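Note sheet for the following structure.
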Amino acid sequence: MIYIFCAPSGSGKSTMVNHLLAMHPELFELSVSCTTREPRGNEIHGREYYFISVDEFRRRIRNNDFVEYEQVYEGLYYGTLHEEIERIERAGKQVLFDVDVKGGIHLKNILGEKATSIFICPPSIEELRRRLEGRGDTSPEMIEKRLAKAEEEMSYKQQFDRVVMNDTLAHAFKQLDAIIEETK
Ligand code: ADP
Ligand code: 5GP
């Protein structure tokens, strides 16, 4: 089973993915996407993302290297590489995706029954703001752009196989562990 994690930025996708990776390093691996945004905080090329230029991203689009890609924010591109999925499957592991809502719906359409799509729901937009501000690695301007997009992204929730309410971490991990147990 492949797991696709989607949510407005700051809802806890990375936290959920990292929980699964920490609990079951032998089972799961994160699909590392390409992005044209700058690295944040402690992010490392090849671990969180492949950080590439817009020209390189366009070359890879022309080369059909992406399963899907989106301009998630104005001028910022993010895309999933065919070769990432192949690399993880060759290693005998299950792929985890952390992608935006549109990319997740797109991937689910391509993968069908092979994948479970999971929407991580923040308790409120106010709490989302607190989490983005608390993470301390995103500029105030980018936080506003992310919050402006969050309301629209929330309206896609029903299109996902499962929803995890990320109010407290303990509650969210419990829901996630139950989903994995049920669908694995
Ligand atoms: P995303 O990957 O969706 O952008 P993150 O996983 O980076 O979101 O989470 C955003 C911030 O909120 C991080 O600082 C994270 O530690 C924090 N966070 C995640 N889940 C919770 C929670 N249940 N309660 C409080 N803070 C949380
Ligand atoms: P961030 O800049 O916070 O790392 O990510 C911004 C958004 O882009 C998040 O919703 C993240 O899930 C999404 N994203 C990351 N990689 C991809 C990808 O390969 N494809 C798509 N469609 N979205 C992605």
Side-chain angles (χ1 to χ4, degrees), residues 2-22 30-52 57 60-61 65-85 88 95-111 115 117-139 141-150 152-154 156-157 160 163-176:
I2 291 171
Y3 294 96
I4 305 168
F5 288 87
C6 297
S9 183
S11 305
K13 290 182 301 278
S14 309
T15 306
M16 296 303 129
V17 165
N18 288 334
H19 167 72
L20 286 187
L21 291 172
L30 175 68
S31 163
V32 179
S33 297
C34 287
T35 181
T36 63
R37 82 153 163 75
E38 294 294 316
R40 274 192 316 242
N42 297 323
E43 289 180 333
I44 291 174
H45 179 80
R47 189 179 67 185
E48 281 80 10
Y49 285 107
Y50 301 110
F51 296 99
I52 63 176
F57 202 100
R60 294 200 134 217
I61 294 173
D65 288 345
F66 293 115
V67 185
E68 63 79 35
Y69 68 91
E70 298 281 343
Q71 184 174 356
V72 179
Y73 302 103
E74 202 187 320
L76 296 183
Y77 293 87
Y78 295 80
T80 305
L81 295 166
H82 287 288
E83 66 195 44
E84 267 301 289
I85 303 178
I88 296 169
V95 185
L96 305 179
F97 290 109
D98 170 341
V99 293
D100 87 316
V101 168
K102 286 191 184 141
I105 292 171
H106 191 170
L107 280 174
K108 172 66 187 177
N109 282 338
I110 295 171
L111 296 167
S117 59
I118 305 175
F119 190 94
I120 310 296
C121 191
S124 66
I125 298 289
E126 295 71 45
E127 176 60 17
L128 198 57
R129 174 185 291 280
R130 272 193 290 277
R131 287 182 191 174
L132 281 170
E133 288 174 350
R135 199 168 63 186
D137 59 5
T138 308
S139 69
E141 188 200 344
M142 271 315 286
I143 289 181
E144 293 313 320
K145 283 192 181 164
R146 280 153 196 257
L147 289 171
K149 204 174 168 180
E152 189 214 332
E153 290 171 319
M154 292 292 283
Y156 290 94
K157 192 167 76 175
F160 286 77
V163 176
V164 167
M165 167 52 72
N166 184 16
D167 38 18
T168 67
L169 273 185
H171 183 222
F173 290 158
K174 198 170 158 203
Q175 294 164 74
L176 181 57

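Bear in mind the structure is a predicted one, so any value in this text is a computation, not a measurement. Just so you know, ligand 1 is whichever comes first in the structure, and atom 1 is the first atom listed for that ligand.
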Would you mind telling me if ligand 1 is within reach of the side chain of Leu132, the backbone, both or neither, using heavy atoms under 4.0 Å? neither

Candidates Ala172, Pro122, Gly12, Gly134; heavy atom nearest atom 8 (O) of ligand 1 found on Gly12

Show which atoms of ligand 1 fall inside a sub-4.0 Å distance from at least one heavy-atom site of Thr15. 5 (P), 6 (O), 9 (O), 15 (C), 19 (C)

Using a strict cut-off of 4.0 Å, indicate which atoms of ligand 1 neighbour a heavy atom of Asp167. 22 (C), 23 (N), 24 (N)

Yes or no on side-chain contact (heavy atoms from CB on, under 4.5 Å) for Val99 and Tyr78, after CA distance, side-chain angles and deciding distance? CA-CA 8 Å; Val99 293; Tyr78 295 80; over 6 Å; no

Between the side chains of Glu126 and Arg130, is the shortest nitrogen-to-carboxylate-oxygen separation below 4.0 Å, so that they form an ion pair? no

Flag, side chain of Thr36 to backbone of Tyr77, donor-acceptor distance under 3.5 Å: yes

Among all protein heavy atoms, pick the one closest to atom 2 (O) of ligand 1 and tell me residue, atom and distance. Ser14 OG, 2.6 Å

Pick from Asp100, Leu132, Leu107: the one approaching atom 23 (N) of ligand 2 most closely through a non-hydrogen atom: Asp100

Please determine whether the number of non-hydrogen atoms from other residues, nucleotides or ligands lying under 6.0 Å from atom OH of Tyr69 exceeds 12. no

Subset of ligand 1 atoms that lie under 4.0 Å from at least one heavy atom of Lys13: 1 (P), 2 (O), 3 (O), 6 (O), 8 (O)

Mode of Tyr73 contact toward ligand 2 - side chain, backbone, both, neither (heavy atoms, under 4.0 Å): side chain

Hey, are Glu141 and Lys145 close enough for a salt bridge, meaning a charged N less than 4.0 Å from a carboxylate O? yes

Sub-4.0 Å atoms of ligand 1 with respect to non-hydrogen atoms of Ser9: 4 (O)

Which option, Met165, Glu133, Arg131, owns the non-hydrogen atom nearest atom 25 (C) of ligand 1? Arg131

